[in-house]
Amino acid sequence: MNLRKLLTSPLSATAGVIAGLALLAVPIRQLTSAPPVPVPTANLAATSDMVHTWFKLKLLMPAKSVKLSNPAGDVIWKLAETPAGDVETEIGLQLVAGTLDLTLHVDFGDQAGETAVFLTLLPDGLEEQTRHAIGSGILDESLHFSWPIH
């Protein structure tokens with residue numbers, strides 16, 4: 001058999017492609033099955049830690065007053081005569097075992113109709129969470145936030 005005919009046959013071309021893929025198999029396997037890269041997360045210990053947190057408050061109607069307090073009754077954010085829209089501030093909060101309970105008190109006055117208030121927390125190193133309250137007149141809502149402990 002002629003060597004030239006053997007090298008130009010479709011069978012030898014297929015064998016060449018398979019040999020080339022076999023040489024690439026090891027690096028491709030290492031690229032596609034590499035262990036996942038760990039994502040840096042905040043480590044919340046069982047004890048309470050102070051965490052800098054951005055607060056975003058969204059009002060759908062103007063409010064006469066807005067008050068946000070912790071379970072101990074301490075007022076951590078207070079606003080008067082707040083127009084509809086977004087308001088932001090940064091506050092240091094104490095998370096206990098990755099949880100936080102807040103009480104939201106909003107006075108809409110004599111405005112008729114139901115409305116909603118949205119409170120978004122963006123703690124450093126943790127994912128943002130949003131809670132809402134719906135009602136009319138005076139809203140007094142307890143909001144619970146919880147983040148997984150890593």
Side-chain angles (χ1 to χ4, degrees), residues 1-63 66-72 74-79 81-106 108 111 113-136 139-150:
M1 178 155 232
N2 191 351
L3 183 61
R4 184 178 192 139
K5 283 185 181 180
L6 181 65
L7 292 177
T8 59
S9 74
L11 183 61
S12 64
T14 304
V17 169
I18 290 175
L21 288 176
L23 290 174
L24 291 175
V26 172
I28 288 175
R29 182 182 178 276
Q30 289 177 348
L31 285 175
T32 59
S33 63
V37 177
V39 177
T41 57
N43 185 13
L44 296 175
T47 61
S48 57
D49 292 329
M50 230 16 187
V51 177
H52 290 285
T53 305
W54 273 102
F55 281 72
K56 288 184 186 178
L57 181 72
K58 181 174 184 145
L59 298 170
L60 299 183
M61 295 176 70
V66 177
K67 183 172 65 171
L68 195 61
S69 57
N70 62 15
D74 302 326
V75 176
I76 58 174
W77 193 19
K78 188 173 184 176
L79 301 167
E81 296 298 329
T82 308
D86 294 339
V87 182
E88 294 183 3
T89 190
E90 183 179 9
I91 300 173
L93 287 179
Q94 199 153 12
L95 301 179
V96 178
T99 62
L100 177 66
D101 290 310
L102 297 172
T103 301
L104 178 66
H105 179 82
V106 183
F108 288 105
Q111 297 178 15
E114 285 195 349
T115 187
V117 179
F118 298 90
L119 180 66
T120 302
L121 270 58
L122 294 102
D124 285 348
L126 300 172
E127 68 181 45
E128 76 176 57
Q129 292 188 14
T130 302
R131 302 293 183 265
H132 67 279
I134 300 173
S136 60
L139 292 177
D140 208 5
E141 189 78 27
S142 178
L143 306 173
H144 177 75
F145 297 87
S146 179
W147 292 272
I149 297 175
H150 298 283

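These numbers come from a predicted model, not from an experiment. By convention here, the first residue in the shown sequence is residue 1.
Among all heavy-atom pairs drawn from F118 and H132, the shortest one is CD2-CB, 3.5 Å. Nearest heavy-atom pair across M61 and F108 is O-CE2, 3.5 Å. Residues P71 and D101 come closest through the heavy atom pair CD-O, 3.0 Å. In terms of heavy atoms, N70 sits closest to L102 at CA-CD2, 4.3 Å. For the pair Q94 and M50, the tightest heavy-atom approach, listed with the atom from each and the gap, is N-SD, 3.8 Å. Across S136 and E114, no two heavy atoms sit closer than the pair CB-CA, 4.1 Å.
Between the T99 side chain and the A97 main chain, no donor and acceptor come within less than 3.5 Å of each other.
Two residues are said to be in side-chain contact when any heavy atoms from C-beta on lie closer than 4.5 Å; V51 and L100 fail this criterion. Between L126 and L95 there is a side-chain heavy-atom pair separated by less than 4.5 Å. Looking only at side-chain heavy atoms (C-beta outward), W147 and Q129 come within less than 4.5 Å of each other. Side-chain contact between L68 and L57 is absent, with no heavy-atom pair separated by less than 4.5 Å. Side-chain contact between L139 and L104 is absent, with no heavy-atom pair separated by less than 4.5 Å. Using a 4.5 Å heavy-atom threshold, the side chains of V106 and V66 count as touching.
Between the CG atom of L119 and the OG1 atom of T130 there is a distance of 8.0 Å, given to the nearest 0.5 Å. The line from NZ of K56 to CG of L121 is 11.0 Å long, rounded to the nearest 0.5 Å. E141 CD to R131 CZ: the interatomic distance, rounded to the nearest 0.5 Å, is 11.5 Å.
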Evaluate the criterion side chain to side chain contact (heavy atoms under 4.5 Å, CB included) for residue pair T53 and I91; output intermediate values, then yes/no. CA-CA 5 Å; T53 305; I91 300 173; 5.6 Å; no
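More than 12 heavy-atom neighbours from other residues, nucleotides or ligands sit within 6.0 angstrom of CD1 on I28.
Ring pair F55/W77 is perpendicular by interplanar angle, where above 60° counts as perpendicular and below 30° as parallel.
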